[in-house]
Amino acid sequence: MAIEEKIAAAKQINELLNNIVRLGGFRVKYRIAVDPPVSEGAEWDRPAILVDFSGTDSPLLVARGGELLHALEMVTVESVGDMLDEHERISFDSMGFRQARTDELVMSAKVAAEKVLHSGTPYAFSAMNARERRVVHLALKNEPELRTESEGEGPARHLVVYPKDYKGKAPAAPAAAGRPSGRPGGRQRR
């Protein structure tokens, strides 16, 4: 997509967020970056547009696993997503939450991989959104003795790590209350 189209999408995002922040009474500021630089090793996770929030109410955005941050992102994607190509993404962050969550998912993927390699049985993560499942898929893509698959539907969609040649039934995702953490064992962060 041409930079001009991304800039037009960024302007529409700014208008939408300006209204949400003002009408919602949020004490935050945000910065919108088009084709932002990415941290080393995360080239695969480059968004077309990054919105980074700061301010007094930033902890509200990242509380409960980033539910509000994710909700604002989803509303924005629904509003302007048709302006971007299918693989170009809008990403929201605040207080380094995205990178910390990505690091946590990569670590969880490695722990799950070790469990699967040692036990020979599949490991099911708790339900995760598509972006989080993608992080785990990519974290394990170079493990020749493993394969990953997304299973389930809707909010119950989760990721399973299998031994490469496993032929049995997929395990169910661990039951969890609230927003799942995606951690091995399905534990919730409190």
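When reading the values below, keep in mind they use all heavy atoms of this one structure, side chains included, and skip hydrogens, waters and symmetry mates.
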Value rounded to 0.5 Å, distance of OG1 in Thr76 from CZ in Phe92: 3.5 Å
Note, Pro171 side chain near Val160 side chain (heavy atom, < 4.5 Å): yes
Glu15 and Asn19: side chain donor to acceptor below 3.5 Å: no
Where Ser91 and Arg98 come nearest, the two heavy atoms and their spacing: OG-NE, 3.5 Å
Residue pair Leu16 / Val80, side-chain heavy-atom distance below 4.5 Å: no
Partner of Glu132 under side-chain hydrogen bond (donor to acceptor under 3.5 Å, both in side chains), chosen from His137, His70, Arg101: Arg101
From Asp93 atom CG to Glu73 atom CD, the distance as rounded to the nearest 0.5 Å: 9.5 Å
Closest contact, heavy atoms only, Val34 versus Ala10: CG2-CB, 3.8 Å
Heavy-atom closest contact (Pro174 atom, Ser126 atom, distance): CD-N, 3.8 Å
Flag side-chain contact, heavy atom, 4.5 Å: Arg133 against Phe125: no
Heavy-atom closest contact (Gly152 atom, Arg157 atom, distance): O-NH1, 2.7 Å
Gap separating the CG atom of Leu138 from the CG atom of Leu105, nearest 0.5 angstrom: 11.5 Å
Spacing of CE belonging to Met128 relative to NE2 belonging to His158, to within rounding of 0.5 Å: 9.0 Å
Tyr123 side-chain N/O to Ala109 backbone N/O, donor-acceptor pair under 3.5 Å: no
Path from Val136 to Tyr162 over hydrophobic side-chain contacts below 4.5 Å: no
Any donor-acceptor N/O pair, Gln99 side chain to Gly96 backbone, under 3.5 Å: no
Non-hydrogen side-chain atoms of Lys164 and Pro144 separated by less than 4.5 Å: no
Side chains of Phe26 and Leu68 in contact at under 4.5 Å (non-hydrogen atoms): yes
Shared hydrophobic cluster for Met74 and Leu69 (ILVMFWY, side-chain gaps under 4.5 Å): no
Minimum heavy-atom distance Met95-Ser58, with the two atoms named: SD-CB, 3.5 Å
Donor-acceptor contact present, side-chain Ser79 to main-chain Val75, <3.5 Å: no
Gap separating the CG atom of Asp35 from the CG atom of Leu50, nearest 0.5 angstrom: 11.0 Å
Minimum-distance pair of heavy atoms, taken over all atoms of Ile49 and Ala9: CD1-CB, 3.8 Å
Nearest-0.5 Å distance that lies between atom OH in Tyr166 and atom CG in Leu146: 13.5 Å
